[in-house]
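To keep things clear, I will list the structure first and then write my remarks on it.
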There are 2 protein chains.
Amino acid sequence: MTDALRSDGAAPTLEDVARAAGVSRATVSRVVNGVRNVDPAIQETVRQAVSVTGYTPNRAARSLVTRRTDAVALVVSGTGVEPAAGGGGQTERPGEGDAAGRGGEGSFTARVFADPFFGRVVTGVVDYLRPRGIHPVLMFAEASWARDDVVSYLRQGSADGALIVSTHAEDPLPALVAEAGLPAVLYARPARPARISYVDLAHRDGARLAAEHLLARGCRRIATISGPLDIPAGADRLAGFQETMARHGHPYIPVAEGGFTQESGEAAMERLLTAHPGLDGVFAGNDLMATGACHVLREHGRRVPEDVAVVGFDDSGAAAACRPPLTTVRQPVEDMAAEMARLLLDRLAEPERPATSVIFEPTLVVRASA
Amino acid sequence: MTDALRSDGAAPTLEDVARAAGVSRATVSRVVNGVRNVDPAIQETVRQAVSVTGYTPNRAARSLVTRRTDAVALVVSGTGVEPAAGGGGQTERPGEGDAAGRGGEGSFTARVFADPFFGRVVTGVVDYLRPRGIHPVLMFAEASWARDDVVSYLRQGSADGALIVSTHAEDPLPALVAEAGLPAVLYARPARPARISYVDLAHRDGARLAAEHLLARGCRRIATISGPLDIPAGADRLAGFQETMARHGHPYIPVAEGGFTQESGEAAMERLLTAHPGLDGVFAGNDLMATGACHVLREHGRRVPEDVAVVGFDDSGAAAACRPPLTTVRQPVEDMAAEMARLLLDRLAEPERPATSVIFEPTLVVRASA
DNA sequence: CTGAAAGCGCTAACAG
DNA sequence: CTGTTAGCGCTTTCAG
């Protein structure tokens with residue numbers, strides 16, 4: 001277990017082990033890689049030599065010949081968490097100076113992790129990849145230069161493929177990656193179909209669940225706080241909700257658009273309450289906004305769920321942390337992320353495999369808020 | 001910009017570019033790497049050839065000779081977020097089967113990201129590393145096998161060094177890495193000093209700020225919800241708080257230990273309230289627990305801050321999201337994480353540089369809760 | 001079943 | 001300033 005047998009400080013190589021074991025590099029390579037057809041006795045000798053020398057295979061050297069890195073890029077792409085600034089994220093690349101790139105509250109990465117959603121994606125991906133010896137490299141692609149980084153990173157062979165969380169419809173990354181023929185899987189259906197696998201949630205079905213629950217509960221003056229409408233998840237949840245409500249005789253539903261943040265949920269709830277003081281039910285596009293709605297409702301003297309019932313979406317940690325705990329539509333993010341990883345690994349093992357998509361069904365989780 | 005000039009599907013190599021430009025590989029390498037001493041005219045020719053062939057340097061090949069990967073491991077180590085199970089995280093490595101390692105609510109990775117703290121660390125690290133072309137590889141080291149993975153990952157030269165978030169005092173990883181002589185920087189001072197750099201917060205000073213604020217506000221029946229006492233950050237905050245209170249004539253302070261989660265904060269607050277119904281001030285070891293405390297206080301009819309003042313710690317997103325918004329002690333996590341990254345890069349540039357530590361000073365952020 | 005030999009694609013002396 | 005020449009450490013035919 002020691003790094004002995006080498007005068008210089010350099011790490012021991014196959015050559016060193018071979019010499020120590022009195023065999024050839026090829027043989028050592030075979031036993032290290034568990035290739036069969038090696039005499040058990042020699043196998044043992046080699047193992048000893050490996051442990052005596054403290055040998056560890058050099059990954060760069062191995063990658064060079066196998067053309068595999070056992071790493072995948074986990075990229076968070078234009079997420080719609082971006083501020084409603086003009087342009088389209090085509091900002092300049094930040095300087096390389098000392099003060100540059102220091103993450104204030106406003107940096108893209110900071111905003112990304114402010115939403116529990118991404119932590120769940122990471123969890124699902126990592127838990128699937130880890131037992132398989134694959135390592136995730138974290139990347140963010142909020143601007144043109146960052147997208148180029150992702151593409152060249154993959155083209156350099158620094159990672160075997162990419163897992164892309166791309167919630168924003170206008171995100172150009174999926175197309176870029178697909179055109180370049182790079183192995184990738186998306187979280188969320190791409191705006192324009194491409195030869196690329198993805199996982200997604202049946203958002204409309206989830207919204208239907210929420211609508212039916214509110215209705216079954218006896219709510220009759222229902223409003224909704226939608227997510228950003230330029231994000232498919234936001235738009236689909238709204239559409240599904242309106243659709244179901246219409247089918248049940250409520251063709252018009254007041255809607256206030258939010259930005260998937262608690263703060264925006266609070267603001268939206270304020271607007272809704274001002275315009276419709278008598279409402280008795282609210283469906284929010286995600287749990288963060290639902291939490292904000294609860295706060296505002298209480299501040300205005302409304303009891304939840306007695307006076308106003310509230311249903312969220314996602315079943316993130318925020319749902320259970322809310323007071324009262326939120327009734328919400330569960331999006332199995334961890335499972336979806338794991339599936340995304342599985343699809344990528346399948347594709348890597350079998351490059352010709354056609355692109356596929358897996359759509360998950362949401363479920364209603366009833367807690368105290370509705 | 002096209003991948004032309006190569007009959008087979010293989011990626012173009014330096015050789016291809018050299019041929020296209022009518023120069024040697026060495027020259028192409030020079031211009032690609034921006035080495036001076038290359039005739040401007042030839043430089044231009046080469047650049048053209050690069051773009052015509054669609055050349056991208058192969059990272060494995062480059063790493064093999066430079067012995068650099070431009071990647072660092074970002075590892076979350078035994079964090080004390082672990083359940084209070086016996087043993088010491090020496091559990092078996094999970095199977096490699098299909099069902100194994102699928103991240104339920106209970107997996108280590110899931111628990112890690114349930115705390116906003118880690119997202120902030122990632123933010124700080126990524127924002128510092130990105131402009132410098134370094135990529136973070138996410139790793140978790142909650143058990144013995146996982147720690148070995150980290151060590152061998154580094155020894156394989158898969159990453160140039162490690163950024164280790166190790167909050168738990170008993171965590172063996174810092175020592176393992178230090179002994180192996182691998183470049184690394186810690187977030188939080190190691191239990192036993194080692195030749196390894198770290199960043200940390202002056203926890204006691206932060207607790208002092210909280211105590212003084214509560215006192216200045218007029219609170220006289222003060223209690224505290226501490227973090228896990230086997231985590232230095234938890235113990236130090238408690239010690240600092242008690243110390244300051246004692247100095248101000250309050251030698252005895254009721255304390256309930258929590259686990260840095262909202263839920264544990266709720267339970268602790270219940271206990272405190274039962275034993276000391278008349279309390280008028282609470283200092284919680286972090287914002288999550290403070291949020292839980294606020295919930296329980298309200299449920300018990302106490303107004304915050306009128307009846308009971310609450311001070312949190314960290315100034316994480318939870319502080320602003322809480323109703324009322326939390327007065328809290330700010331830990332500049334993003335800055336600390338960036339500094340951690342800076343220390344590592346310095347060390348990589350100058351291997352002989354001695355280990356250093358940087359201690360950050362907390363500040364009080366006054367909001368509505370106290 | 002084992003060894004010899006040929007590279008993978010790139011950088012870095014060292015000559016010229 | 002540019003080209004030639006060695007490898008970096010490993011896997012993988014191909015012989016034996």
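Being a predicted model, the structure only gives us computed values, none of them experimental. By convention in this document, chain letters (A, B, ...) are assigned in the order of the sequence lines, proteins followed by strands, and residues within each chain are numbered from 1. Scope of the values below: all heavy atoms of this structure, side chains included, with no hydrogens, waters or symmetry mates.
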Those residues at least two apart in sequence (or on a different chain) that pass ring pair (Phe, Tyr, Trp, His ring centres under 6.0 Å) with B:Y187 are B:F117
If I take atom CD1 in residue B:I42 and atom C1' in nucleotide D:dT2, what distance separates them, rounded to the nearest angstrom? 7 Å
Would you mind reading off the distance between B:R68 atom CZ and D:dC8 atom C1', rounded to a whole angstrom?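 The distance from CZ of B:R68 to C1' of D:dC8 comes to 16 Å, rounded to the nearest Å.
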Which label fits A:F140 and A:F113: parallel for a plane angle under 30°, tilted from 30 to 60°, or perpendicular past 60°?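 Answer is perpendicular, since the angle exceeds 60°.
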Kindly check if the number of other-residue, nucleotide or ligand heavy atoms within 6.0 Å of CZ (A:R192) is above 12?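 Not buried by this count: 12 neighbours or fewer within 6.0 Å.
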Main-chain N/O of B:A21 paired to B:T45 side chain as donor or acceptor, under 3.5 Å: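 Pair absent, no side-chain N/O of B:T45 close to backbone of B:A21.
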With respect to the phosphate group of D:dT2, does any side-chain polar atom (N or O) of B:T27 fall under 4.0 Å of OP1 or OP2?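 No, because none of the side-chain N or O atoms of B:T27 sits under 4.0 Å from OP1 or OP2 of D:dT2.
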Between D:dC8, C:dG3, C:dT2, spot the one nearest the side chain of A:V23, thanks.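 Taking heavy atoms from C-beta onward, the closest nucleotide is C:dG3.
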Encode nucleotides 10-16 of chain D as B, S and - characters from 5' to 3', where the letter depends on protein heavy atoms closer than 4.0 Å: B to the base, S only to sugar-phosphate, - to neither. BBBB---
Could you work out, with salt bridge (charged side-chain N to carboxylate O under 4.0 Å, His left out) as the rule, every residue matching B:E179, not counting sequence neighbours?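 Result, salt bridge (charged side-chain N to carboxylate O under 4.0 Å, His left out) vs B:E179: none returned.
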Side-chain contact, heavy-atom cut-off 4.5 Å: A:V23 with A:R30? no
Residue closer to the 5' end of DNA chain D, B:R67 versus B:G22 (nearest nucleotide):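 So the residue in question is B:G22.
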